[in-house]
Every structure is written in C-alpha cells, then in structure tokens.
Amino acid sequence: MLERKFVISLLCLVVVLSLSATATMGANILFIVNDPTGVTFPNDALLSNFFEVLGHTVTYFDDQESEAAMEAAAAAADLVWISESVGSSNVANKITEIEVPMVVGEPYCWDEMGMTLNSPCETLDVATTDITIVSPVHYLAAGLSGTVSVLTDIVGSVGTTAQFANGDAGGEGTVIATATLADGQTYDVILVYEKGAMLAVAPGDGSPQVAADIRVGMFFHYNAHDVLNENTYALLEAAINYALGLMGPPALAGSSRPGDGAKGVPKEVALTWRPGAYVEGLSPKHRVFFSENFDDVNDGIGGIEQDVARYPIDGTLSLDMGKVYYWRVDEANSTTGWDVGAPWQFTVTDHLIVDGFEGYKNSPVEDQLYNTWIDGYGVDTNGSLVGHDADIAQGEYIVETMITHGGRQSMPYTFDNRGPANYSEAQRTFSPAQDWTREGVDSLSLWFRGYPAYVGSFVEAPAGTYTMTASGTDIWSTADEFHFAYKELSGAGAIIAKVESVENMDPWAKAGVMIRDTLEPDSVNVAMLVTPENGVRFQFRNITGNITDRNFAEGVTAPQWVKLERTVGGLVRALYSADGSAWTQVGMGAISMKMPVYIGLALTSHEATLTCEAKFSNVSFPGTSVGPQWTDQDIGITSNEAEPMYVTVGDGSGTAVTVYHGDPSATQIDTWTQWTIDTKEFGDAGVVLTDVSKLAIGFGDKSNPQPGGSGLMYFDDIRLYLPAPEPEPAP
C-alpha cells in the first residue's frame, strides 16, 4: 500500500468506524485515480481509507497506464472504483467491456461508458446539501428515503462549491437518487445498470450497448469529499456491497431487465431477472405478475408460475407504445413458500426512430453519413454539405460528436445559398419504403440547432472615429472569439489607437490593438487591450493553440491610448498612455510570425450572448506600410444568416410535399429546438403515408431559388410520435 501523506479528520474516522461492516470478507478494489501519490488529489485518500476500514484491500492505479495494463488489472480485481479525479478518456475507453463490477465516480466516464443520455455529462454546483432518494426499496439506497442530506456544507475546505453530475439515465438503468442543482434542473446522481442491462447509449469505445457487469454511477466531487456526512458514507458502503453481491436478501429476484423505472423500452421485449437464492431444486421456481394495472400486480392478481427466469418463456411481449407496464416476480423458497417481490415498472417508447444518427461511422464507406444523406457535393445548384470535412487518419469524425441532442452523434449540415447555389437540400431515401402510420403515429419530429446572427460591425463615422461591435467569449486561453478590423502588414510595423470607450457588458470585455499571425481562432498573436474594470492587458500567444499569457496594469480605464510596436525580427513592445504623449511600457517579448501578418483593432464582449460596443479614434500606423482599406470579420465566432428551413416528404409514386418552419429565422436559433409536423399535412397534400420513400431537409426556396445566406446547422433524433395524450379535464 502507498504511504498516505495526510491526516484524516477525526470526524471522518468516527463516522466510518461507526458504520456496520456488512462485508463478510475483504475484496480487492482497484482504485483508478489521476495521481497515485495523492499529491495532486489528496481527497482520493478519504475514499480509499474508508474502503480499507470496511476490510477491503485497495490498490491504486494510475489512469495514464496503458490499455493492456489497465485491462489486466481490472480483470484481476473484485471491484473497480473510478475516481472523479481521473481523465475520463484515459479510463472509459480502455475497460468498458471488462466483466467486473464498477463504481464510476467520474461523470465524463458515465458519458463515455454509455451510462447517460446527455453528452457531455458534466459537473454542476450543488444548490443544497440534499439529494432525493427516488428508489428507497433498492439496496443502493442504503435504507434511506425521501430528501436526504449528504453534505455537512456546500463548500469544501479548499473553498470550492461541491458539485454533482448532471446525469440523465436511460436504457435499462435504474435511478436511485436525484438532485436539483444550481441551474434549477433536477438530475440523476446515483444510478445503476445491472449486468447485461441495456445502456443509455453505445459506449464510446465501440463496445455493445449493454453493461458488461454491474455499473454503478455515484457522483460526489473530490473537492467536497471532506464535507461528506454519515449518509454519504452509508451510500458508499452500499455501493460496494451491492456491486460485490454482498448486500440485500438474496431470496428476492433482482437485476430486473428492463430496469425498474426504465423509459423508452422497445415494444417488443422479454422480461428477465436474477433468480432468488433458494429456487434451485424447486418447481415452480418463479411466480410472475404482469399488467398495465398497478393494483393487480401489487395485489398478486393473475400470476403465472414457471421455472424459467424469463417472461414470456419463449419469444417476446408485443406491447403498446407509450404505455406504462408493471410486473412483479415472487421467488420460491422451501421454508416460506414464496418470497414476495416488490412491483417494478417500465415505460414503452412513445416513438419510432426515422434517424437517430447513431449508426454512422467513418468506415466502411457505406456507413458514412453522406452516403445516406445525399447532399449538394459536386452539384452547382445545391449548396448543402452534410458531415465534417474530417481527417479520419487523425481520429476526427464525419458526424458531430460534441453537439448532440440525444445519444452520441448528430448530423452537421452546412448550407450556402449565396451563389451559384440558391437553395440547399440533403435527402435520404428509404428502401424499402416506410409506413408512417404504423402503431398509430401521427407526427414527425426533428431536433435542430443553429447559430445566432452575425453581430460584428466596423464603421467609420465621423471621419477618424471608428465604432466597432462584437460578441465573443474572450480573447484568451487557447483560442479567441472577437471582432477584428485589420490590414495586412509585411515587415516591421506599429499601430496606435485611442480607445475612447468600451461598453461594460462584462468587466473583462476587451478593446484595443492587435497583431495576428493568421485569422484562425488559435493563431499566434499579440494585443494591447483596455477593459472596463480590469486595467490594460498586454496579451500574447506565442505558439499556435497554446495558452495565452499576459502582463497588465490595474486601475487604467478608457479613454486610453494603446500602442504595439513590432520589429522585423519579431520583437514586440506594448505601451499605453493617458494623453498619447507620455507612454508606459507594459511588456516586451519576441513573438515569431510569418509574413504577411494582420494588424488592426480588436473587440470582444466576453459574453457570447451579448453585444459590446467600443469606439476608437486617432488610429495610426507610424512608420508602417499598410493600405488604406480596412477589412473586418468575426474571428472564432460561428454565425448563421437567416434562411427558410423546410422538410420534404415523398412517396414511392413520386409525390412530394414540402412544409416550411414557421420561423423564417430558425437557422439562428442556437439551442436544441424540436420541430413537430403533423404528418396529416403531407398526407392531405397527396403523399401516401404508408409508402414514404424520401425525406429531405433544405434551406431556401427550391421552387423559386433566390440568392440568400449561409450557415451551419445540426440535426438529431428524427422520430415519429404517437398522438399527444388528451389533457386532463378541468376540475
């Protein structure tokens, strides 16, 4: 064991020693962490010491070890516990398929291991010290129920607010506890998938969408481990004991599939469970109750006795979409007769999938997105392109894997109606044709999101005074978002400008002068910037994609003169002045750039959703050879122009009907938005809905093409839904 270089608080020791040790024998726990020395993340040891107090042996394992080494270590362990301190990609894609129980504390691993519908699964500040136990009868609830405090304070000793995961369980996962976090939303913070259960989505490593063994998701941020209370330690102990099979009366049926509370269950399904401990040698072994009526199941009405831990014994149930079903399994026991189980429930999916965009791959070729959705590539009159221009050899994806509505993938769609194409359309053909009336579905739904309108501007009025507007998250870190007005420069040069004002949309809004190697967001650059409340900043990124560094002078506000001087050899000096005469140097450094470079004025609002304005005057380029004309553009900010968006549905006879979105600026909606169309609109216009052979998504007016705009969209989860339930009558 590694030597621990810290002291556990007396309170923690009292808590853990007061807990009952339910394990009858110690297990070998592989504790995967970021830093096995405990220096970087000392709070990891609060958990490992607790595991040892329970009688288990803990082996630290570095998350940066090779996949082969991690697989071997995991396979040899009784239980794997993945700390929240790990780099998720260092772990989840290495051991997802290993058939060993795992407790996963890192929310990004929940995502990559297929345990959550939302991607990415991240951390959010807690709003209270409480969680809500939603499955109190489950052993993982540790006997707790209702609203339960799990923290002694919402702020840990390091001064950081405690955080939980913004999980969203799916598939056959069972939610044990939820929490309402600082954003006001409620998330799943303790969840479990039994061995063989369907996961929410397919894991990121390409393994099957089933849990290779028990997967418990339990998230308590390591910065808050020193404020965990006795309830939390009871939950942690329960997680270990349940994963190891040491907890709960084994006489009862368990590991229900679908999981208790599962949603989106396929309509064709078989029910399975783990048999009770005492059924061997008995017949009948199981008594199964299944119904749409909870009371019938709860009261044990209509049970079927059988010897197979599967219902029905052969084949599958054919269930109604959108309905909730209840079931219960009693297990035979020669002593008591029957050990009566608790009712379970699940909800059958309420939709049919037209395209969820989950099955597309970089290879083979036939699985690539743009071989199913045929776009305008090579067609001068069609301005659509689907998929990313990906470098597959470098591990890039043709589909979008970060901006998704559900699951792990969505379809990126670029439209360009500026000419020569004046409309954009991508079409998918169905073979065989689809029946869009089956199961009673009556509406087509698709989720989309775009980007906001372009807000950057640069105007000279009156002569010698320039007004610039911009949005953007910042000029900082490894990439920038801002508006840039520039001229090209070869050789030595300088720029001076008086920042008359910079609107205080944020204390870190920035306006000033810049010299830039390229117009890419992560370009090498130097800038001398004025902020509303944080002084003047000399900022520089000396390697493409590297972190930005800075020198600064506090207490300096607009109006203020700023200046950059660059020698032929790349030596840059940054200065500021209150009057344009007496200059103060803030910094100097050698910044290598290739000619020509871009020199000009820069502005960022520091708030992507807000527009900031700055005014400049007395702009000059002393001793510098630049042209008279300015060019301005956004850097690092994606924006869309407004264009009509439409869906076309066609049948096998060639009849096709187009429906337009009601918002002509839908392309500028930058959050995931559902568009629902009554399929009757297509049917009433002549489309045979039992013979749908074509679906197209487009922008512009295909019947009367006119020059228009361009932009980037994302589409996901194209589905057919059942009719909405009738509203409850008013009391």
Side-chain angles (χ1 to χ4, degrees), residues 23 25-32 51 56-59 61 63 67-83 86 88 90-116 121 135 138-140 167 169-176 188 190-219 235-248 250 252-260 262 272-277 309-310:
M25 59 181 292
N28 294 314
I29 298 178
L30 187 73
F31 193 34
I32 304 180
F51 303 158
H56 304 298
T57 300
V58 179
T59 301
F61 192 90
D63 67 346
E67 181 171 356
M70 189 176 294
E71 285 181 343
D78 296 316
L79 170 70
V80 174
W81 192 295
I82 301 174
S83 168
V86 303
S88 62
N90 291 337
V91 179
N93 291 330
K94 295 178 181 177
I95 59 172
T96 299
E97 75 285 2
I98 301 299
E99 295 184 20
V100 171
M102 297 184 189
V103 181
V104 186
E106 163 57 54
Y108 280 104
C109 281
W110 292 14
D111 180 10
E112 293 160 352
M113 297 176 79
M115 295 167 62
T116 53
C121 183
S135 298
H138 198 287
Y139 307 134
L140 280 170
E172 296 174 344
T174 299
V175 179
I176 308 302
D188 304 332
I190 303 179
L191 48 89
V192 62
Y193 293 84
E194 302 295 342
K195 182 174 183 177
M198 180 181 293
L199 296 166
V201 297
D205 63 355
S207 57
Q209 192 178 334
V210 295
D213 209 306
I214 292 176
R215 299 290 184 257
V216 179
M218 172 171 278
F219 186 73
L235 291 165
L236 295 173
E237 183 179 4
I240 292 176
N241 290 338
Y242 186 75
L244 292 172
L246 299 172
M247 187 175 194
L252 295 180
S255 301
S256 63
R257 295 180 58 195
D260 186 25
T272 63
W273 60 94
R274 185 194 68 234
R310 186 183 192 275

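As the structure is a prediction and not an experimental result, all values here were calculated from the model.
- Looking only at distances, a side-chain donor or acceptor of R257 sits under 3.5 Å from a matching main-chain atom of G196.
- Between K195 and E99 a salt bridge is recorded (basic side-chain N to carboxylate O distance below 4.0 Å).
- Here CG of L235 is found 5.0 Å from CE of M218. Values are rounded to the nearest 0.5 Å.
- Checked by atom type and distance alone, the side chain of S207 never pairs as donor or acceptor with a backbone atom of P203 at under 3.5 Å.
- At a threshold of 4.5 Å between non-hydrogen side-chain atoms, the residues M113 and I82 count as touching.
- With hydrogens and angles disregarded, no donor-acceptor distance shorter than 3.5 Å links the side chain of E172 to the backbone of A262.
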Checking H138 against T174 for the side chain to side chain contact (heavy atoms under 4.5 Å, CB included) test, could you report, in this order, the C-alpha distance in whole Å, the side-chain angles of both residues, the deciding distance, and whether it holds? CA-CA 9 Å; H138 198 287; T174 299; 4.3 Å; yes

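- Ring-plane geometry between F31 and F51 is classed as perpendicular, the angle between the planes exceeding 60 degrees on a 0 to 90 degree scale with a lower cut at 30.
- When side chains are defined from C-beta on, T59 does not count as touching I29, because their heavy atoms never get closer than 4.5 Å.
- A donor-acceptor pair is defined here as one N or O able to donate and one able to accept, closer than 3.5 Å; such a pair exists between the side chain of D188 and the backbone of A169.
- Atom CH2 of residue W110 and atom CZ of residue R215 lie 14.5 Å apart, to the nearest 0.5 angstrom.
- L79 pairs with exactly one of I240, L30, I214, D213 by the side-chain contact (heavy atoms from CB on, under 4.5 Å) rule, that one being I240.
- Between Y193 and L199 there is a side-chain heavy-atom pair separated by less than 4.5 Å.
- The distance from atom CE of M102 to atom CH2 of W81, rounded to the nearest 0.5 Å, is 13.5 Å.
- In this structure, the separation between CG on N90 and CE on M70 is 7.0 Å, given to the nearest 0.5 Å.
- Atoms OG and CG, from S135 and L140 in turn, are 9.5 Å apart once rounded to the nearest 0.5 Å.
- Minimum interatomic distance between I32 and V86 (heavy atoms only, all atoms of both residues): O-CG1, 3.3 Å.
- Contact record, T272 with R310: CG2-CG, 3.9 Å, taken as the closest heavy-atom pair.
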Derivation and outcome, side chain to side chain contact (heavy atoms under 4.5 Å, CB included), residues V192 and Y139: CA-CA 11 Å; V192 62; Y139 307 134; over 6 Å; no

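- Residue A77 comes nearest to V100 through the heavy atom pair O-CG1, 3.7 Å, listed as atom of the first residue, atom of the second, then distance.
- For the pair L191/I176, no side-chain contact is recorded, criterion being any heavy-atom separation below 4.5 Å from C-beta on.
- In terms of modelled atom types and a separation under 3.5 Å, the side chain of T116 and the main chain of C121 share no donor-acceptor contact.
- By the 4.5 Å heavy-atom criterion applied to side chains, N28 and H56 are not counted as neighbours.
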Apply side chain to side chain contact (heavy atoms under 4.5 Å, CB included) to E97 and E71, showing your working. CA-CA 9 Å; E97 75 285 2; E71 285 181 343; 3.0 Å; yes

Test side chain to side chain contact (heavy atoms under 4.5 Å, CB included) on V216 and V104; report intermediate values, then the result. CA-CA 6 Å; V216 179; V104 186; over 6 Å; no

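- One side chain, S88 or E112, offers a donor N or O that lies under 3.5 Å from an acceptor on the other.
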